[in-house]
K.L.:
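The structure's right below; bear with me while I get my questions together.
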Amino acid sequence: MSKDCLVELGLDERIKLFGKCKILRKSDGSGPIVYLFDEDHDNLEIKQKNAENALKLLDNGNVKLIGVESKLGGRNWNENEEAYDEERYDESLRMSKSKEFEEFIIAKHPDKIFGVESIGMFNKIGELIAKGKLDSKKMDDHPINKLRSQHFITTLFEWRRKLNKGGNMILNCGITHNDHIADMIAREEIDNIVGGTATYVRINAITNE
């Protein structure tokens, strides 16, 4: 990983992370650093590398909270009405997509993992595919899947405020979701979406280029 990226973030250049680092937006010093971890759900090696990167940032990068796609979290989105209500889900395991990453972290930091998945949105996408209204190969850029990505990053910040946690954060999720979040950053919409400013850094452990 590029030392220049880590140094620019104020981290010790001796911290060795897997993959490549890209600063998507650097704040004026206010707000946390949000590390967006790309995950290939079918690649156990990548999940392990992401977990090792996360452990290093927990120990040396002031990371206090990690959001994962494998647990429920955030406001309830009613799949019939296609709208939010005010209820919250209890944090619970839902899917196996990021489960291995989560389990690697929980072994050492059981209090740092929090869910960001919307079961309503996830189920709605599955329903559309099952009814033949959506091709599973074209689901990545479906409006509800983009809304799901927004739910991930919004819920991460909601957890931070609810738990009164300072420090930096990690969001571990599929590559497509981080593509959506990167678009929100590029369009300068992200601050309004999450309700605050932050530095956003994307880490892709899949490549060392």
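In what follows, every heavy atom counts, from backbone to side chain, and hydrogens, waters and symmetry copies are set aside. Owing to the predicted nature of the structure, the values given are computational and were not obtained by experimental measurement.
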K.L.:
Tell me, please, which residues at least two apart from Asn164 pass side chain to side chain donor-acceptor pair (under 3.5 Å).
P.N.:
none
K.L.:
With no hydrogens and no angle check, is any side-chain donor or acceptor of His151 less than 3.5 Å from a backbone partner on Gly73?
P.N.:
yes
K.L.:
I'd like to know if the side chain of Trp159 and the backbone of Gly115 have a donor-acceptor N/O pair within less than 3.5 Å.
P.N.:
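At least one qualifying donor-acceptor pair exists.
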K.L.:
Quick one: salt bridge (Lys or Arg N to Asp or Glu O under 4.0 Å) pairs with a partner in residues 178-194, sequence neighbours left out?
P.N.:
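For residues 178-194, and leaving out neighbouring residues, the salt bridge (Lys or Arg N to Asp or Glu O under 4.0 Å) pairs sorted by first residue read Arg25-Asp191, Asp179-Arg202, Arg187-Glu189.
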K.L.:
In the structure I gave you, are the side-chain heavy atoms of Phe101 and Ile66 within less than 4.5 Å of one another anywhere?
P.N.:
yes
K.L.:
How close do Leu11 and Gly61 get, heavy atom to heavy atom, and via which atoms?
P.N.:
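Closest approach of Leu11 to Gly61, heavy atoms only: CD2-CA, 3.9 Å.
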K.L.:
For Gly167 and Pro32, work out which heavy atoms get closest and say how close.
P.N.:
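Here Gly167 and Pro32 meet closest at O-CB, 3.3 Å.
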K.L.:
Taking only residues two or more places apart in sequence, or in another chain, which ones meet His142 in a side chain to side chain donor-acceptor pair (under 3.5 Å)?
P.N.:
none
K.L.:
Please confirm whether the backbone N or O of Ile33 pairs with a side-chain atom of Asn168, one donor and one acceptor, at under 3.5 Å?
P.N.:
yes
K.L.:
For Ile105 and Ala54, which heavy atoms make the closest approach, and how far apart are they?
P.N.:
CD1-CB, 3.7 Å
K.L.:
If you measure from CD on Glu117 to OG1 on Thr155, what distance do you get to the nearest 0.5 Å?
P.N.:
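Spacing of CD (Glu117) from OG1 (Thr155) equals 9.5 Å.
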K.L.:
Distance only, no hydrogens: is a donor on one side chain within 3.5 Å (strictly under) of an acceptor on the other, for Asp140 and His180?
P.N.:
no
K.L.:
Please report the C-alpha distance between Phe37 and Val68 in whole Å, then the side-chain angles of each, then the deciding distance to 0.1 Å, and finally whether the side-chain contact (heavy atoms from CB on, under 4.5 Å) criterion is met.
P.N.:
CA-CA 10 Å; Phe37 279 21; Val68 292; over 6 Å; no
K.L.:
Just by distance, do the side chain of Asn53 and the backbone of Leu17 share a donor-acceptor pair under 3.5 Å?
P.N.:
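The answer is no, because no donor-acceptor pair under 3.5 Å joins these two groups.
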K.L.:
For Asp28, give me all partners under side chain to side chain donor-acceptor pair (under 3.5 Å), at least two apart in sequence or on another chain.
P.N.:
Ser30
K.L.:
What are the two closest non-hydrogen atoms of Phe18 and Glu52, and how far apart are they?
P.N.:
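Where Phe18 meets Glu52 most closely, the heavy atoms are CE1-OE1, 3.3 Å.
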K.L.:
Within the 4.5 Å heavy-atom criterion, are Phe114 and Leu65 side-chain neighbours or not?
P.N.:
yes
K.L.:
Give every residue pair that meets the salt bridge (Lys or Arg N to Asp or Glu O under 4.0 Å) criterion with at least one member in residues 164-174, sequence neighbours excluded.
P.N.:
none
K.L.:
I'd like to know if the side chain of Ser118 and the backbone of Met121 have a donor-acceptor N/O pair within less than 3.5 Å.
P.N.:
yes
K.L.:
Would you call Val116 and Leu171 a side-chain contact if the rule is heavy atoms closer than 4.5 Å?
P.N.:
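Yes, their side chains come closer than 4.5 Å.
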K.L.:
Could you tell me whether the side chains of Thr199 and Ser27 share a donor-acceptor contact shorter than 3.5 Å?
P.N.:
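A donor-acceptor contact under 3.5 Å links the two side chains.
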K.L.:
Determine, for Glu45 against Lys49, whether the closest basic-nitrogen to carboxylate-oxygen distance falls under 4.0 angstrom.
P.N.:
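Between Lys49 and Glu45 there is a salt bridge, with a charged N closer than 4.0 Å to a carboxylate O.
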K.L.:
For Phe152, check ring pair (Phe, Tyr, Trp, His ring centres under 6.0 Å) against everything at least two apart and list the hits.
P.N.:
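Partners of Phe152 by the ring pair (Phe, Tyr, Trp, His ring centres under 6.0 Å) criterion, ordered by chain and then number, come out as His177.
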K.L.:
I'd like to know if the side chain of Lys124 reaches the main chain of Glu82, judged simply by a donor and an acceptor atom lying under 3.5 Å from each other, with no hydrogens or angles considered.
P.N.:
no
K.L.:
Which heavy atom of Cys173 sits nearest a heavy atom of Asn178, and at what distance?
P.N.:
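Closest approach of Cys173 to Asn178, heavy atoms only: SG-OD1, 3.4 Å.
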K.L.:
Any heavy-atom pair between the side chains of His41 and Glu39 that's under 4.5 Å?
P.N.:
yes
K.L.:
Backbone N or O of Gly174 within a donor-acceptor pair of the Glu69 side chain at under 3.5 Å?
P.N.:
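Indeed, once roles are kept as given, a pair shorter than 3.5 Å links the two residues.
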K.L.:
A side-chain contact here means heavy atoms from C-beta on lying under 4.5 Å apart; do Cys5 and Ile23 qualify?
P.N.:
yes
K.L.:
Cut-off 3.5 Å, side chains only: do Asn78 and Asp85 have a donor facing an acceptor?
P.N.:
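Looking only at side-chain atoms, Asp85 and Asn78 do not form any donor-acceptor pair under 3.5 Å.
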K.L.:
side-chain contact (heavy atoms from CB on, under 4.5 Å) with Leu36: which of Ile181, Asn204, Val201, Asn172?
P.N.:
Ile181
K.L.:
Could you check whether any side-chain N or O of Asn145 sits under 3.5 Å from a backbone N or O of Ile125, counting only pairs where one atom can act as donor and the other as acceptor?
P.N.:
no
K.L.:
Counting distance only, does the side-chain N/O of Arg148 pair as donor-acceptor with the main-chain N or O of Pro143 below 3.5 Å?
P.N.:
no
K.L.:
Is a donor on one side and an acceptor on the other found under 3.5 Å between the side chain of Lys26 and the backbone of Glu8?
P.N.:
yes
